[in-house]
Amino acid sequence: QVQLVESGGGLVQAGDSLKLSCAFSGRTFGAYEMAWFRQARGKERLFAAAISWSGDSTYYEASVKGRFTISRDNAKNTVYLQMNSLNPEDTAVYYCAAKFTYPRKILGTTSRGYDYWGQGTQVTVSS
């Protein structure tokens, strides 16, 4: 069974940076596509970024493209989300998600496309 554990959230000011981590366990990490979603209070969970199992393909939601960078270290079974130039609209619970896709590269953008989820980590950006 896949387990995902996010870390790195916190309270920051507008313009600051933050790096989230998601530790993967239970299966072969290198065969799973990974993604970050976020959910603001009272709103639906939305896609932020995805990375292929190989790490050579990424996709971003328009509002985070150029500010956020998703990456993975297959030797450490960890996926990251580097977030720069944060603004209050980025305030949300951030969730890590995984789906077995090897050898395909899908880069899904809907929550239905992922089978495993972490518990989330809160990111709060003050103005």
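Model, not experiment: these values are computed from the prediction.
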Trainee: Against I51, only a single residue in R72, E33, K105 fulfils side-chain contact (heavy atoms from CB on, under 4.5 Å); can you say which?
Mentor: R72
Trainee: Would you say CD of Q3 has more than 12 non-hydrogen atoms from neighbouring residues, nucleotides or ligands within 6.0 angstrom?
Mentor: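 Atom CD in Q3 is not crowded, with 12 or fewer foreign heavy atoms closer than 6.0 Å.
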Trainee: I need the minimum non-hydrogen distance between F29 and D73, along with the two atoms involved.
Mentor: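 The pair with the smallest heavy-atom distance is CE2-O, 3.8 Å.
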Trainee: Can you name the closest pair of heavy atoms from Y32 and V2 and give their distance?
Mentor: OH-CG2, 3.8 Å
Trainee: Looking at Q119 and Y95, what are the two nearest heavy atoms and their distance?
Mentor: O-CE2, 3.5 Å
Trainee: Does the T91 side chain pair with the main chain of V125, one donor and one acceptor, at a distance under 3.5 Å?
Mentor: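 Such a contact is found between T91 side chain and V125 backbone.
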Trainee: Would you find a donor on one side and an acceptor on the other, under 3.5 Å apart, between the side chain of Y116 and the backbone of Q1?
Mentor: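 Answer holds: no.
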Trainee: How long is the gap from CG on L18 to CG on L11, to the nearest 0.5 Å?
Mentor: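 Taking CG in L18 and CG in L11, the distance rounds to 9.5 Å.
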Trainee: For atom OH of Y59, decide whether the heavy atoms of other residues, nucleotides or ligands shown that lie under 6.0 angstrom number more than 12.
Mentor: no
Trainee: When the ring centroid of W36 is compared with that of Y94, is the distance short of 6.0 Å?
Mentor: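 Ring centroids of W36 and Y94 are no less than 6.0 Å from each other.
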Trainee: Answer yes or no: is there a donor N or O on one side and an acceptor on the other, between the side chain of E61 and the main chain of F47, under 3.5 Å?
Mentor: no
Trainee: State, to 0.1 Å, how close S17 and S85 come at their nearest heavy-atom pair, and which atoms those are.
Mentor: OG-N, 4.3 Å
Trainee: Any sub-3.5 Å donor-acceptor pair from W53's side-chain atoms to R104's backbone N or O?
Mentor: yes
Trainee: Could you walk me through whether S111 and F37 satisfy the side-chain contact (heavy atoms from CB on, under 4.5 Å) test, starting with their C-alpha distance in whole Å, then the side-chain angles of each, then the deciding distance to 0.1 Å, before giving a yes or no?
Mentor: CA-CA 8 Å; S111 57; F37 285 73; 4.2 Å; yes
Trainee: Can you tell me how far OG1 of T78 sits from CG of L20, rounded to the nearest 0.5 angstrom?
Mentor: 12.5 Å
Trainee: For the residue pair C22 and M34, what are the closest heavy atoms and their distance?
Mentor: SG-CE, 4.4 Å
